[in-house]
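Here the structure is laid out as structure tokens; the discussion comes afterwards.
All heavy atoms count here, side chains included; hydrogens, waters and symmetry mates do not.
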Amino acid sequence: IGKIEMAESLNKYFASVFTLEDTKNLPKIEGNQETNISEELKEINISKVIELEKLLGLKTDKSPGPDGLLPWVLKEVAAEIVDALLLIFQNSLDSGTVPVDWKVANVTPLFKKDGREKMGNYRPISLTSVVGKILESIIRHHCGALGKS
């Protein structure tokens, strides 16, 4: 079986075992909770020190997301990009939105065990933007510091 056929087979398999959530039965957000969350994001002031710490702490052996930005490159140029990223991150928090590219993922199969010819022996891994994950990490850091989750 060729690479293209294998990729198509894995795609079909992952799609067949994908579970689509029933969005009709999601719990309702009470009151103005959505607005409150947006206001809380606006209150986050990103520290240049924390951002630089996150950039320098990147694991260089990890794969990039769809944007192709390699963690080792981001780590290598951290001091040069920290100010620009700070502006992007703060704008994202202030507006309550993230760049569309940060919502895209490349799904890649990760072999688990046994025979490589069986589709069930792979699990899908979603590779998302490393920069987007840094912002997520900063928000978690901030929420943890406030005792929120």
Side-chain angles (χ1 to χ4, degrees), residues 1-21 23 26 29 33-34 36-149:
I1 188 167
K3 289 181 181 183
I4 292 175
E5 292 84 8
M6 181 65 155
E8 288 172 355
S9 295
L10 285 164
N11 185 40
K12 284 180 189 173
Y13 173 72
F14 291 154
S16 75
V17 297
F18 177 76
T19 306
L20 188 59
E21 293 293 325
T23 57
L26 291 175
I29 296 177
Q33 192 175 1
E34 201 168 300
N36 292 342
I37 291 169
S38 181
E39 290 303 315
E40 284 180 33
L41 288 176
K42 287 180 185 177
E43 291 174 15
I44 297 174
N45 288 311
I46 299 174
S47 157
K48 189 173 176 178
V49 172
I50 297 294
E51 182 188 338
L52 195 54
E53 180 182 295
K54 299 288 183 187
L55 283 164
L56 294 174
L58 288 172
K59 295 180 180 174
T60 58
D61 61 336
K62 299 295 181 183
S63 297
D67 55 15
L69 292 174
L70 295 159
W72 72 266
V73 173
L74 292 169
K75 186 174 183 173
E76 195 70 29
V77 299
E80 288 82 6
I81 65 171
V82 69
D83 290 325
L85 276 182
L86 190 62
L87 289 172
I88 294 167
F89 288 169
Q90 198 63 56
N91 185 49
S92 181
L93 293 173
D94 292 345
S95 68
T97 62
V98 295
V100 174
D101 291 350
W102 295 0
K103 298 177 186 180
V104 176
N106 285 342
V107 179
T108 188
L110 182 66
F111 179 68
K112 295 187 296 187
K113 59 179 177 164
D114 298 331
R116 291 188 178 268
E117 67 285 343
K118 188 175 177 191
M119 299 299 123
N121 291 340
Y122 293 84
R123 66 182 174 104
I125 299 294
S126 295
L127 300 173
T128 57
S129 169
V130 175
V131 177
K133 287 191 257 188
I134 291 171
L135 179 57
E136 281 182 43
S137 177
I138 290 170
I139 292 169
R140 277 195 307 275
H141 175 88
H142 178 78
C143 291
L146 297 176
K148 300 176 184 177
S149 55

Heavy-atom pair of closest approach, residues [X] and [Y]:
X      : Y      : answer
Gly115 : Asn121 : O-ND2, 2.7 Å
Pro64  : Gly68  : CB-C, 3.7 Å
Ile81  : Glu51  : O-OE2, 4.5 Å
Met119 : Leu10  : SD-CD2, 3.5 Å
Ser16  : Tyr13  : OG-O, 2.7 Å
Val98  : Ser92  : CG1-OG, 3.4 Å

Item checked: Stepwise side-chain contact (heavy atoms from CB on, under 4.5 Å) check, Lys75 with Leu70 -> CA-CA 9 Å; Lys75 186 174 183 173; Leu70 295 159; over 6 Å; no
Check: Does Ser63 have any side-chain hydrogen bond (donor to acceptor under 3.5 Å, both in side chains) partners at least two apart in sequence or in another chain, and if so, which?
Finding: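 Per chain and number, Ser63 pairs via side-chain hydrogen bond (donor to acceptor under 3.5 Å, both in side chains) with no residue.
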Rounded to the nearest 0.5 Å, what separation is found between the [atom1] atom of [X] and the [atom2] atom of [Y]?
X      : Y      : atom1 : atom2 : answer
Thr108 : Ile125 : OG1   : CD1   : 8.0 Å
Ile88  : Asn91  : CD1   : CG    : 8.5 Å
Asp94  : Asn45  : CG    : CG    : 8.0 Å
Lys54  : Ile134 : NZ    : CD1   : 9.5 Å
Phe14  : Arg123 : CZ    : CZ    : 10.0 Å
Ile44  : Ile139 : CD1   : CD1   : 5.5 Å

Next item on the list: Apply the test side-chain contact (heavy atoms from CB on, under 4.5 Å) to residues Val130 and Lys62: give CA-CA distance (whole Å), side-chain angles for both, the deciding distance (0.1 Å), then the verdict.
Entry: CA-CA 9 Å; Val130 175; Lys62 299 295 181 183; over 6 Å; no
Check: Should Leu135 and Ile46 be marked as a side-chain contact (heavy atoms from CB on, under 4.5 Å) after you check the CA-CA gap, both sets of side-chain angles, and the distance that decides it?
Finding: CA-CA 9 Å; Leu135 179 57; Ile46 299 174; 4.1 Å; yes
Greater than 12 external heavy atoms within 6.0 Å of [X]'s [atom1]:
X      : atom1 : value
Gln90  : CD    : yes
Lys112 : NZ    : yes
Ile4   : CD1   : no

Margin query: Check Lys12 with Glu8, please: is the shortest side-chain N to carboxylate O separation under 4.0 Å?
Written below: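 Salt bridge: no.
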Checklist line | Evaluation steps, side-chain contact (heavy atoms from CB on, under 4.5 Å), between Thr128 and Trp102 | finding: CA-CA 7 Å; Thr128 57; Trp102 295 0; over 6 Å; no
